[in-house]
K.L.:
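Please see the structure below; I have some questions.
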Amino acid sequence: MRKEFRLAGAGGQGLITAAIILAAAAAEHTEYNAVQSQSYGPESRGGSSKADVIISTDEIDYPEVKSPEVLLVMTQEACDKFVPGVRPGGMVVVDETYVRTVPPVDAKVLRYGISAKARELGREIVANIVAVGLLVGLTGIVPEDAALEAVLARVPKGTEELNKKAFLAGIQAAKEIG
Amino acid sequence: MRKEFRLAGAGGQGLITAAIILAAAAAEHTEYNAVQSQSYGPESRGGSSKADVIISTDEIDYPEVKSPEVLLVMTQEACDKFVPGVRPGGMVVVDETYVRTVPPVDAKVLRYGISAKARELGREIVANIVAVGLLVGLTGIVPEDAALEAVLARVPKGTEELNKKAFLAGIQAAKEIG
Amino acid sequence: MKEGKPRLLLGNEACVEGAIAAGLKFFAGYPITPSTEIAELCAQYLPQVGGKFIQMEDEIASMAAVCGASLAGVKSMTATSGPGFSLKQENIGFAVQAEIPCVVVDVQRVGPSTGMPTSAAQGDVMQSRWGTHGDHEIVVLSPSSVLEAYTLTVTAFNIAEELRTPVILLMDEMVGHLREKVILPDRSELMVKARPKPDLPPGQYKPYADYGDPAKVAPLAAFGEGYRFHVTGLTHGEDGFPTNNPDVGARQIKRISEKIASRKKDLPQPEELFTDDAEVFVFAFGGTARSAKKAVRDARAMGLKAGLIRAITVWPFLEEPLLRAKAKKPKAVIVPEMNLGQIILPVKRVMGDACPVIGINKVGGRYIEPDEILDAIKEAILGGSAS
Amino acid sequence: MKEGKPRLLLGNEACVEGAIAAGLKFFAGYPITPSTEIAELCAQYLPQVGGKFIQMEDEIASMAAVCGASLAGVKSMTATSGPGFSLKQENIGFAVQAEIPCVVVDVQRVGPSTGMPTSAAQGDVMQSRWGTHGDHEIVVLSPSSVLEAYTLTVTAFNIAEELRTPVILLMDEMVGHLREKVILPDRSELMVKARPKPDLPPGQYKPYADYGDPAKVAPLAAFGEGYRFHVTGLTHGEDGFPTNNPDVGARQIKRISEKIASRKKDLPQPEELFTDDAEVFVFAFGGTARSAKKAVRDARAMGLKAGLIRAITVWPFLEEPLLRAKAKKPKAVIVPEMNLGQIILPVKRVMGDACPVIGINKVGGRYIEPDEILDAIKEAILGGSAS
Amino acid sequence: MVSDSPYEIAVNRKWCKKCGLCIAFCPKQVLESDDEGGPVVKAPSQCIGCLLCEMHCPDFAIVVKRRAEQ
Amino acid sequence: MVSDSPYEIAVNRKWCKKCGLCIAFCPKQVLESDDEGGPVVKAPSQCIGCLLCEMHCPDFAIVVKRRAEQ
Amino acid sequence: MALPLEKYLRVGKLPHIWCPGCGHGIITQAIIRAIDELGLDTQKTVVVSGIGCSSRAPGYMNFDTLHTTHGRAIAFATGIKMANPELKVIVITGDGDAAAIGGNHLIHAARRNIGLTVICFNNNIYGMTSGQYSPLTPTGSYASTAPYGMVERPFDLCELVKGAGGTFVARSTAYHARHLTNVIKDALKYDGFAFVDALSQCPTYFGRRNRLRTPMDMLNWMRDHAVSASSWEKMSPEEREGKFPIGVLVNQPSRELTKVYGEILAQARKEAGANA
Amino acid sequence: MALPLEKYLRVGKLPHIWCPGCGHGIITQAIIRAIDELGLDTQKTVVVSGIGCSSRAPGYMNFDTLHTTHGRAIAFATGIKMANPELKVIVITGDGDAAAIGGNHLIHAARRNIGLTVICFNNNIYGMTSGQYSPLTPTGSYASTAPYGMVERPFDLCELVKGAGGTFVARSTAYHARHLTNVIKDALKYDGFAFVDALSQCPTYFGRRNRLRTPMDMLNWMRDHAVSASSWEKMSPEEREGKFPIGVLVNQPSRELTKVYGEILAQARKEAGANA
Ligand SMILES: Cc1ncc(C[n+]2csc(CCOP(=O)(O)OP(=O)(O)O)c2C)c(N)n1
Ligand SMILES: Cc1ncc(C[n+]2csc(CCOP(=O)(O)OP(=O)(O)O)c2C)c(N)n1
Ligand code: SF4
Ligand code: SF4
Ligand code: SF4
Ligand code: SF4
Ligand code: SF4
Ligand code: SF4
Ligand SMILES: [Mg+2]
Ligand SMILES: [Mg+2]
């Protein structure tokens, strides 16, 4: 088993954290190997942001995702840039809040208002955690409780409740759209 | 023709200047080639000082003097250190003012109170120019007027008279002891 | 911290945890991408273990403070990236000359100059060897994985303390900013070397003793222990005081070079994979070695006899495995690097006229992909037609 | 000054006179033995020719000011020795990256660290190539005589201006502090290249244009001339503005490397002496080449077929004459250097397995004597018994 | 937008980062926040041309011009 | 040198560089210059132990001690 | 931004890289507004910076612009000014760039009184590298390298430059945008080394960690703690506690370096002529 | 020198390398005299220097001594003090070492108030490299790199350190050897960053070029231009012209850095313990 994820959007959307949580859930709570990497501009603020996760039963030599099986895009720019590279037959998860149009692609395209949902829960800042829930729900790559544990271990103290809600909202959404 | 000189003593005695003048007289006023080099401690003040001159009809590839034909020593320390290295049959010129004993050596040893003479002329600081006169007089390596010109071109403005006197005193002394 | 359990750890973080496991008690640094997490985590963790963190006014001061702290008797480290590494060079030379144990981490990014601060490169390989003026040897280690960022940091401290020398941990952004699943070894299993103490009383202690055997290095007393010795960046005698004597000077300069050159066998030896029967060798290090490993594995899966030599000690250059490869008359040695060709230079020197030495070079921030290396392997074994 | 007449001139002074003849109008420096006379003479002479001298607060600032002045349109230089050369490295990399013409003189002394400030060495050879972080090429020239200190300084400026790059004049104390009889060429005979001016109007001017041909370099407008362009140490596009695009970045990094690598033929070629029928070659540069020349002449006088290859351009390494020597299947190549073995590394790489490459290395401040080289020549030609 | 104020307020939406500073600085509540925090010119006639919004915009994204000048 | 002063003045000739500062600073003309500018203790009985000579010697080459202390 | 300020911007490079609400844009605008109001010759004006978020400003400004190495902007600028004293040379720098790694160049330029206008975008933090403490971070504040609170004491940049011999020293803030513009105008008119400590806000790294939740909170903090230079003069040490003065704090003209050097130059040429 | 001061010297390394009449020996003597009079523990005292004639002093002093790179002594010393706050750390530096290349470390150490005693042997010149101008060379003076006279303005080192936040700043001269010793004692007793500007004479390079023919001429110059800090306070700007104050000029105790850090340490360990 080897699954490659890419999470892409704008700096500040917390996608690197989301990727870390996904990878940590696999690394720390399953037998899988996991690596997580990212790229960002020299500015790291405002510009685009991209985070990759590979989860595999084998050793992971080369850590870069070339064509992700699962792609999450949270801005139109990221969508336009990365959708064409998705693995044929893969899955594209789109944050409808910011992405209007998705280029034609040989992949399952799933839409959800991730950021809007987060806003609804109280703070848009937890959109990334909604996304984690969504990805976990859609792929089943890690057990939900493991993922939740990884979420709670990595969010700021005092925000656990909100983040838990966000995560569960993602899981729930996966059921709705999956 | 190739002649190698070493001028050795203490920092502050102006031996590098003396060596430069000797080399310049040859370089600028004769057909000979000439090089001048020196070594000094990291401090360059108070410590020992050594300056070498090679004057030659041929190209001078390697500029270091290994065993000088003509050695001038103006301190006891320099005398003890460099006299043993003088070329057999060479010449050692000793400033009697500071050098008491000369180790046995297969070379002509000539003694003169160079610094005392300079003091007598007004300022000990011109001892190096007395030495230049002495070396020119003793070796005849460059014409006296060329050497004098080289002296006057390299001493501070306003001190020309004193330095001329010092140079001529050296020439004179060469006649006395040579 | 949490040894024995699986964790997702950042390369830079593994380096800090390794340093603390090795006994790090002082870190001085100045932030610079992509090394900054090392400083930040030291600022957080060191006070928890009774160590000190200070952010100095620049990289020069950081390197100086690290030397000072080490002389005061504590294990010390700094971390930086290209521009800061350039600035540290003068004081790295001081540490070499004055034989001050310390660890300097350089997480490489794209250069020259400010370059591309957040992108991966391996462009400081030659600088890590030759960046400071004057003759010297230096130990440079380069990890390829997050786990190795941990273990090799421990090794770096051990070598630094044993040989009384700065050790460079040459990371690249690909490893420093990679998060990977690791299980850290239990502290009790780690070999951590304490700094050797002088066994002679102050009057007889020679901080720069020459034992005739370059592999033997005088122990370093700590300031404040009563030895009252002198340390200088000037060329010096066995007592540590400056000398103008060319013979004494030459002996000192050679001794500090040879103490490293003579210990090549004791430094981390290259990892070899499928080298026994290889026809083509890939020589790689750092992050790029991950691509190389994948390429070699893929080649083997295709029945191509490729082998990997992964340098862990980058400097001094360990020639042994290449000489063994040379003896096998290989078809080619392939050297992938995220630079315009640096480690390939000693590889070529060692291989002589034995076979083509082919560089795969990439700058601008992109990793070298396994397939690029695989293509070169194919080409070398099957000839031009294969690709 | 006084061209045409014989003079006794100091190496460092010849460098200053050469610089002024080449059009130097700005010098920024910081004193350090054994380069200091260069600063002192610039302080004296430059104002006499309408140029400016400034002693900056350190070497980093000196290198920065030189870059600034050059961008303002004047020919600029700095001079230093080992410790200062280490400090300048970051901004030398900036000049490489931003393509700023300037000349950096390094009068080598014994290192590492403070070392032996007044003693001769050639220990910065590799540093002059690799001292700054990141991938780059750099032109390094090394004079062997006082006259050459003059002429090569002029050449250094010409190359700097033509290739828009810093050029290192790698001197050693042996040449810098040597006084020698010279007759300077008449100014009218000197080839002095003016800085090329842009021929496009401001709107169309691309300060970092890529013409496809690496040998072609965009002219550099001066600040204040109305071009209003941007200069950065970040990896940039043809317009000079930073890029995060790996392809654009890679192209820029390669272009500034190749503009130098592709011009090897136009750089000062090695001096060859008796190489036609030589059985043993001596490969030397800088002050040590004087010893080598004497040794080769002495060998010939004894009937031994020795030849000399004297590198004037140290970097990029010009392989041609060595390849020609290699073709002659020589008995040995002897490489004397006042260091522990630096230029010998590329020599070995080029010579491959063709013949032994023998280093004669000396540190601690003493020159390598002609007889030491002669002995090696004898040994190589006549075998062990000869010495 | 037609208005009787002597000032015209232009927002460059491509540059605006929706920081809200213009809105916060306006002494006359001319500006109001959109969904994402960017400015909507709500009461243009109230504008006194004090330029506080323009001078505090970190993104050069809001400009106030005197109509007569156009 | 026998003297009735309570102070003894010792000059370390190996270290003395003959700068003359001790002589210049002595308020009591205890010291006098030799041929080369180094100190000769001329009037030891005049010494008041002010230590000006000692404290101004750049070479640690002149020391004034109270006899009683010896 | 439309005319007249747009002509000073490289419109094609915008929007800039700064975060929403970052003070650096406000100060940049103040600079170009000052340039505009003074009618400086855009062809003869050079803007130099080091490395940092602040130091990205010149890239957006339509002059000859130079983005140097971290901390060295003033040293590069010194070379430019020496080589061509006709140029108006403006240095844009950050608190890290100017006062941490670049502190030495700052004090030496002040000492020399070389004709540079140095404007420090002082946000008390290293923005570009994500929020480490700077020499301007107040004691007790939090930063990524001060997780237990800043233990060191901060500089007072204006006092530092004054102590170094600075002859024109001023301070303003992003809150006081008009005042800031005027202060920058005074600095630009000054013939000598002019230093402006321009307080900026970094909501992303300083604000977030230090309970100043919005950019406006940070600007209000400036409003509440700034005191005009004239009032400052009259305040007791107790009253001054926690406050800082804004306005022109030092203005003691002295001869500008390149002018003095020009005289040397004339003299040397005369001597050289006389000797020739 | 016989007992009691000789035990602080490395007698075997003497005579030292300094020129006849060089002020550095006088200041070195003042330091060891101050150490002696205070009875500092010689085993726990470390002397650190940079590069320069002045910086050779530690080599003659019988303590743990460290001769670093040019300009960096204070940064090395910072590492020592941080690593072991029990040590008394003295820095000996020159005007070039401390104020030219090392200026940044000087101001940052002052800002941090780290417990170092920094004594600058200030001879207004680079002695070691043969007489180039330093940032302390007075305008108009001659130096090997100022053949037409110094065009730059010098620092006032005490003002610089004060501007950087220095809490203990003092000045004395080689002429005032006893006063100097007392000032150094005060500095050594101070708990925090203490800076002493100790005026020295370089007869070989500064004196010779500037018509101060003998070391004594140079010392007399110090005598004639120094004014006690208390008199200075009462003088008008006109009266101050050409003079300089000596004595303790700033003494405003503030908490020493390693002490403050010690508290952080205790807190962090507690937190770590709580989390563990
Ligand atoms: C030699 C060097 N060291 C460190 C860095 C990393 N670096 C880039 S910007 C910066 C700090 C910038 O802070 P400041 O000047 O305050 O600017 P801001 O981003 O806050 O505007 C640092 C440390 C670098 N580029 N070069
Ligand atoms: C990096 C570096 N730059 C320059 C030098 C050369 N250098 C040695 S000492 C010195 C100046 C010393 O002046 P100062 O500190 O005033 O000491 P002094 O000799 O006057 O006592 C210089 C420039 C050096 N050793 N290292
Ligand atoms: S100019 Fe003044 S009143 Fe008009 S919108 Fe802007 S801030 Fe409000
Ligand atoms: S101040 Fe500027 S960037 Fe901020 S919301 Fe207003 S127009 Fe947009
Ligand atoms: S002061 Fe010292 S060195 Fe000078 S003359 Fe007197 S004893 Fe000798
Ligand atoms: S102690 Fe005072 S009185 Fe006695 S010799 Fe010395 S200076 Fe003169
Ligand atoms: S990180 Fe801070 S300083 Fe940098 S752009 Fe963002 S808000 Fe501005
Ligand atoms: S050169 Fe000057 S500072 Fe150096 S030892 Fe001589 S007198 Fe003292
Ligand atoms: Mg900042
Ligand atoms: Mg000095």
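In what follows, chains are A, B, ... by sequence order, proteins preceding strands, each numbered from 1.
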K.L.:
Given H/Tyr190, which of H/Thr117, H/Asn251, H/Thr167 fulfils the side-chain hydrogen bond (donor to acceptor under 3.5 Å, both in side chains) condition?
P.N.:
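Among the candidates, only H/Thr167 passes.
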K.L.:
Which heavy atom in G/Ser254 sits nearest to a heavy atom in G/Asn113, and how many Å separate them?
P.N.:
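Minimum heavy-atom separation between G/Ser254 and G/Asn113: O-ND2, 3.0 Å.
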K.L.:
Salt-bridged, H/Lys162 to H/Asp156, with N to O below 4.0 Å?
P.N.:
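A salt bridge is absent here (no side-chain N lies under 4.0 Å from a carboxylate O).
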K.L.:
Locate the shortest heavy-atom distance separating H/Ile92 from H/Ser55; write the atom from each residue and the value.
P.N.:
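Closest pair (atom of H/Ile92, atom of H/Ser55, distance): O-OG, 3.9 Å.
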K.L.:
Please determine, among G/Glu159, G/Arg111, G/His105, G/Arg112, the option with the most heavy-atom pairs under 4.5 Å with chain H.
P.N.:
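Of G/Glu159, G/Arg111, G/His105, G/Arg112, G/Arg111 has the most heavy-atom pairs under 4.5 Å with chain H.
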K.L.:
Please look at H/Pro147 and chain G and tell me whether the side chain, the backbone, both or neither of the residue comes under 4.5 angstrom of a heavy atom of that chain.
P.N.:
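For H/Pro147, neither part sits under 4.5 Å from chain G.
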K.L.:
Name the region of H/Leu106, side chain, backbone, both or neither, that has any atom closer than 4.5 Å to a heavy atom of chain G.
P.N.:
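Neither part.
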K.L.:
Mind ranking G/Gly102, G/Ala99, G/Cys158 by heavy-atom pairs under 4.5 Å with chain H and telling me who comes out on top?
P.N.:
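Among G/Gly102, G/Ala99, G/Cys158, the one with the most close pairs to chain H is G/Ala99.
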K.L.:
Determine the interplanar angle of the G/His70 and G/Tyr126 rings, folded into 0 to 90°, and report it as parallel if under 30°, tilted if 30 to 60°, perpendicular if over 60°.
P.N.:
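Perpendicular.
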K.L.:
Would you mind checking which part of G/Thr139 comes under 4.5 Å of any heavy atom in chain H, side chain (CB onward), backbone (N, CA, C, O), both or neither?
P.N.:
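For G/Thr139, neither part sits under 4.5 Å from chain H.
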K.L.:
Do you know which of G/Leu257, G/Ile264, G/Ile107 has the most heavy-atom pairs under 4.5 Å to chain H?
P.N.:
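Option with the top pair count is G/Ile107.
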K.L.:
With chain H as the partner, which of G/Arg255, G/Glu263, G/His108 has the greatest number of non-hydrogen pairs under 4.5 Å?
P.N.:
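Of the candidates given, the most pairs with chain H belong to G/His108.
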K.L.:
Any side-chain to backbone donor/acceptor pair from H/Asp95 onto H/Asn124? Under 3.5 Å, distance only.
P.N.:
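Such a contact is found between H/Asp95 side chain and H/Asn124 backbone.
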K.L.:
Indicate whether the side chain of G/Glu256 and that of G/Thr258 have a donor and an acceptor atom separated by less than 3.5 Å.
P.N.:
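Per modelled atom types, G/Glu256 and G/Thr258 side chains form a pair under 3.5 Å.
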K.L.:
Which one of G/Ala110, G/Gly149, G/Gly163 has the most heavy-atom pairs closer than 4.5 Å to chain H?
P.N.:
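Looking at each of G/Ala110, G/Gly149, G/Gly163 in turn, G/Gly163 comes out on top.
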K.L.:
Is G/Ile101 in contact with chain H via its backbone, its side chain, both, or neither, using a 4.5 Å heavy-atom distance?
P.N.:
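Just its backbone gets close to chain H.
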